[in-house]
Each structure stands twice: as structure tokens, then as C-alpha cells.
Undergrad: 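Dumping the structure here so I can ask a few things about it.
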Amino acid sequence: MATINFGGVLEDVVTREEFPMEKAREVLKNETIAIIGYGVQGPGQALNLKDNGFNVIIGQRKDSKTWDKAVADGWVPGETLFGIEEAAQKGTIIQYLLSDAGQIQLWPTLKPFLTKGKALYFSHGFGITFKEKTNIIPPADVDVILVAPKGSGTSLRRLFLAGQGLNSSFAIFQDATGRARERVIALGIGVGSGYLFETDFKKEVYSDLTGERGTLMGAIQGIFAAQYQTLRNNGHSPSEAFNETVEELTQSLMPLVAENGMDWMYANCSTTAQRGALDWWKKFKDATQPVFDELYASVATGKEAQRSIDLNGQADYRPKLNAELEELRNSEMWQAGAAVRKLRPGK
């Protein structure tokens, strides 16, 4: 492991330098990695592992859209694509990449195939952390491990194809074989991680649920909507409001932050913009800190998990979800966004 200084805090991380791909292949040379679930994370992780030279098979329900997607991606029925039960039987490492609700539903089917010495792999700590709610309790004689890429499976695959990587956390919940650590690090390298940092299942799910509801998705949409509405209420056109709220941030400023940090982005903006940002950022922090504290408490008490289980497991969940997404899509702000994207050079 490499010790890195993160803002004055020393942290051990794993990079491809001290754990190269050749070592990962050697660790897993006798393993069959069965990917159960081909939705959000499954395709990216499965294809990256296959392209990196690992023995990968897919387990998916036949005659489903995701089965057809797997076939379209090059997985061959009867060779690398099987029904869920057959893939679980063949796999020595079972990557359980269904949605949280899907994991709960399938668990009684999957559990009998978790025989001694196998590894059960997650990319989210939800099922294990909230096991009293999910009833996902693994047998004592299997490794239980986690690699959580910090982004979508689509991003993981795109960055891999571009020769880059997406940072991931890793965790060990149960080491039954004495090989859990080398297994999980090898898998983290194999799926295309930029670097790996260690956590535990609880911290992974607490930070993940907070981030998704916060700056990654929920808070950013709320801030976008509030600023856009303020501009529109004061007579600005949809094009002007969207460009000043979303387009400039995503297309111009966030790439600068990703490149060298917020201070560097500030330094590459006008002095008027710098002054305004420096004067106002602490006000926004003070205004939102109580909301984030409330959010984290809701995650830690299990309230957010219970809400997800209750709603996501309902038979009409998908139509209701589509209706909520359609409300976003049809809002003036995101309709303006669709028009702006079409006008980008090269489109």
C-alpha cells in the first residue's frame, strides 16, 4: 500500500503500481467470477474484468431485457451467459450487483450456492449493513467483500475504454478463507479502479446514501432549481438562466475543479467572480450544514434505508419512478437544457 497525505491526514491506499494487473490476474487465476445482475454496475464491471483477462460469467434471468443486453455486449449463452442459479453454482466469486431491492428478493435463491470457500462480493454496503431489514446474512464460511466504484457503471466503462480509472473503496466484512484481502484488492484493480481506499461496509453505505441525497444528486438538483427559478422570476430567459445555472458549471468550471481544485478554478475566473464566490460560499455552507446533519442522522438511524426498502420493493415502483423522472425531464429548466445541448458545437 502507498501512504498519501490527504489534506494533512495520512491515508493508506492501493494503486496499480504496488498491485499491478499481472498480480491481480495471478491472485484470481483459478477463480470464476459470476456477475449476478446486469443493470447499473454489472455491465461495466463485467466487461472491464473480461477485457483485463479474468474468467467472467454472467448470471441473468432468461427472456429479460438485461439478458438481451448481455447478449448484445458479447456474452454467449451456455458459455459465458447463464441463468442465475447456474452461474451462482459455477462461480467461486459471486458479484452480487442487483439493486438493493433486487438483492433482498433474490437472496433466498442465491444463498444455497454460497458454499464453503466462495466469496460474496458487493458494490454497496446496504444489504449487509442493514441486514436486520434485508435478511441478507451470509454463511460463516465464505468471504464477504466489497468494491464500490465512486461513480456509475457507465462512467467506469467509459473511463476504462479511455485508458483511465474510477476511484473505488474496498472493504472486508468477513474473511473466512484468509484470502479475502488479496481477493478484494485484485477485483478492485480488475474492475478498473484508479486507486483503492479502505473503508468498512457501514461507512461505505452511510457516505454513499449521504452523497447521493446530497451534493452528488439531490442537493445539486435542488440548488440548480432554486437559482434557475430566481433568475426566471427576475425576467431572465430560459437560455440565460440555464447557461448561468448548469451549462457553465458542467462544461467549463467543474472540469477546472477536477483538474486542480476549487482554488485553481477560482484563480482562472474573473476577479469579480472570485470576490463574489469567496464572499458567498460560507453563507451557503452555513445555510446547508443543518440540512446535511439532518440527512446524515436520517441515514445513520436507518430511516433512509427503510424508506428505500418500502418504496423500491413495491410492485408499482417502476411506473412511479418514471413519473418522477418525467416531472424532472419536462420541467422548463431541463427542457431548456435539452435545447442547449443540441446547440453545442459538434452536435
Side-chain angles (χ1 to χ4, degrees), residues 40 150-156 158-159 162 166 207-296 298-299 304 307-308 311-312 317-347:
V40 177
K150 298 298 105 181
S152 71
T154 301
S155 298
L156 184 72
R158 285 177 179 173
L159 287 168
L166 196 63
S207 62
D208 191 67
L209 292 182
T210 300
E212 290 168 348
R213 286 151 179 76
T215 60
L216 301 179
M217 297 173 70
I220 197 67
Q221 164 61 19
I223 291 171
F224 282 166
Q227 178 171 303
Y228 181 90
Q229 191 61 53
T230 293
L231 292 173
R232 291 289 287 127
N233 288 347
N234 284 278
H236 298 268
S237 69
S239 182
E240 185 168 53
F242 186 85
N243 274 279
E244 290 294 344
T245 299
V246 179
E247 189 75 353
E248 185 173 351
L249 176 71
T250 59
Q251 300 304 300
S252 174
L253 301 184
M254 280 299 106
L256 297 182
V257 177
E259 190 173 343
N260 271 315
M262 188 68 76
D263 61 314
W264 193 77
M265 184 267 275
Y266 282 9
N268 282 272
C269 293
S270 71
T271 55
T272 302
Q274 292 169 14
R275 185 68 269 143
L278 291 168
D279 286 347
W280 278 87
W281 80 262
K282 291 181 182 179
K283 293 184 181 183
F284 280 105
K285 179 184 182 298
D286 291 344
T288 58
Q289 190 69 62
V291 180
F292 279 99
D293 291 341
E294 178 187 354
L295 167 57
Y296 192 87
S298 186
V299 170
E304 294 301 307
R307 177 168 171 78
S308 293
L311 296 183
N312 297 358
Y317 166 70
R318 185 61 59 180
K320 288 182 177 178
L321 170 66
N322 289 337
E324 290 182 279
L325 294 177
E326 186 175 0
E327 179 184 359
L328 274 179
R329 187 183 311 115
N330 291 336
S331 68
E332 183 190 273
M333 181 174 73
W334 290 113
Q335 286 294 302
V340 169
R341 287 191 295 274
K342 291 178 182 178
L343 293 171
R344 287 177 189 163
K347 290 292 184 181

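In what follows, every heavy atom counts, from backbone to side chain, and hydrogens, waters and symmetry copies are set aside. This one's a predicted model, so the numbers in the text were calculated from it and none came from an experiment.
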Undergrad: Between Cys269 and Leu253, is there a side-chain heavy-atom distance shorter than 4.5 Å?
TA: yes

Undergrad: With sequence neighbours excluded, give me every salt bridge (Lys or Arg N to Asp or Glu O under 4.0 Å) pair touching residues 249-258.
TA: none

Undergrad: Nearest 0.5 Å, please: how far is CD in Gln229 from CG in Asn234?
TA: 10.0 Å

Undergrad: Sort and list the pairs that fulfil salt bridge (Lys or Arg N to Asp or Glu O under 4.0 Å) and have at least one residue in residues 265-275, not counting sequence neighbours.
TA: Arg275-Asp279

Undergrad: Check side chain to side chain donor-acceptor pair (under 3.5 Å) between Ser252 and all other residues, then give those that pass, not counting sequence neighbours.
TA: none

Undergrad: Provide the full list of ring pair (Phe, Tyr, Trp, His ring centres under 6.0 Å) pairs with a residue in residues 208-238, sequence neighbours left out, each pair given once.
TA: none

Undergrad: Ser207: what forms a side chain to side chain contact (heavy atoms under 4.5 Å, CB included) with it, not counting sequence neighbours?
TA: none

Undergrad: What residues form a side chain to side chain donor-acceptor pair (under 3.5 Å) with Gln335, not counting sequence neighbours?
TA: none

Undergrad: Throw together a table of side-chain donor-acceptor distances under 3.5 angstrom for residues 255-267, partners on residues two or more places apart or in other chains.
TA:
none

Undergrad: CG/Leu159 to CG/Leu166 distance, rounded to the nearest 0.5 angstrom?
TA: 5.5 Å

Undergrad: Suppose the criterion is salt bridge (Lys or Arg N to Asp or Glu O under 4.0 Å): which pairs have a residue in residues 265-274, not counting sequence neighbours?
TA: none

Undergrad: Atom CG in Leu325, atom CG in Asn330: separation rounded to 0.5 Å?
TA: 11.0 Å

Undergrad: Please give me the minimum heavy-atom distance between Phe242 and Ala336, naming the atom from each residue.
TA: CB-CB, 4.2 Å

Undergrad: Keeping to residues at least two apart or across chains, list the salt bridge (Lys or Arg N to Asp or Glu O under 4.0 Å) pairs with something in residues 231-247.
TA: Arg232-Glu332, Glu247-Arg344

Undergrad: Tabulate below the donor-acceptor pairs under 3.5 Å that side-chain atoms of residues 211-222 make, not counting sequence neighbours, or state none.
TA:
| from | atom 1 | to | atom 2 | distance (Å) |
| --- | --- | --- | --- | --- |
| Arg213 | NE | Glu304 | OE1 | 2.7 |
| Arg213 | NH1 | Leu209 | O | 3.4 |
| Arg213 | NH2 | Ser308 | OG | 3.4 |
| Gln221 | OE1 | Trp334 | NE1 | 3.1 |

Undergrad: Which residues pass the side chain to side chain donor-acceptor pair (under 3.5 Å) test with Gln227, not counting sequence neighbours?
TA: Thr245

Undergrad: Taking distance alone, no hydrogens or angles, what donor-acceptor pairs closer than 3.5 Å link side-chain atoms of residues 283-291 to residues at least two apart or in another chain?
TA:
| from | atom 1 | to | atom 2 | distance (Å) |
| --- | --- | --- | --- | --- |
| Lys285 | NZ | Gln289 | OE1 | 3.0 |
| Thr288 | OG1 | Phe284 | O | 2.8 |
| Thr288 | OG1 | Lys285 | O | 3.4 |
| Gln289 | NE2 | Asp293 | OD1 | 3.3 |

Undergrad: Is there a donor-acceptor pair closer than 3.5 Å between any side-chain N or O of Thr250 and the backbone N or O of Val246?
TA: yes

